[in-house]
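Notes for the one structure printed next.
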Amino acid sequence: MAKKSDAAKELTYADAVAGIEEILSRLRSEEIGVDELAREVTRATELIAFCKKRLYDTEAAVTTLLSAEDDKK
């Protein structure tokens, strides 16, 4: 099985947030032209969905762990 290259590494929550912040910064400074706008908004939407899912999954995992600890008592 081949190892993933750095370019193909798994997206992390921190990377996604940084990507969102970069897009917002470019929007605020008007660096994004009309031609790029739809693509950047689409990418920001994808990153936001990724972050929401990661937060939801983490919350569910923590809740499960805490519930299991409560059951041991």
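The figures that follow rest on heavy atoms only: side chains count, while hydrogens, waters and symmetry mates do not. Numbering starts at 1 and runs along the sequence shown.
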- Item | Other ILVMFWY residues reachable from L66 by side-chain steps of under 4.5 Å | V62
Donor-acceptor contacts, no H, no angles, side chain residues 18-34, under 3.5 Å, sequence neighbours left out:
{"residue": "R26", "atom": "NH1", "partner": "E40", "partner atom": "OE2", "Å": "3.0"}
{"residue": "R26", "atom": "NH2", "partner": "E36", "partner atom": "OE1", "Å": "3.0"}
{"residue": "S29", "atom": "OG", "partner": "S25", "partner atom": "O", "Å": "3.1"}
{"residue": "S29", "atom": "OG", "partner": "R26", "partner atom": "O", "Å": "3.4"}
{"residue": "S29", "atom": "OG", "partner": "E31", "partner atom": "OE2", "Å": "2.9"}

Identify every side-chain donor-acceptor pair in residues 46-61 under 3.5 Å, counting partners at least two apart or on other chains, and give the distances.
{"residue": "K53", "atom": "NZ", "partner": "D57", "partner atom": "OD2", "Å": "2.6"}
{"residue": "T58", "atom": "OG1", "partner": "R54", "partner atom": "O", "Å": "2.8"}

- Query: Can you list the residues that meet the side-chain contact (heavy atoms from CB on, under 4.5 Å) rule with T45, with sequence neighbours excluded?
  - Reply: V41
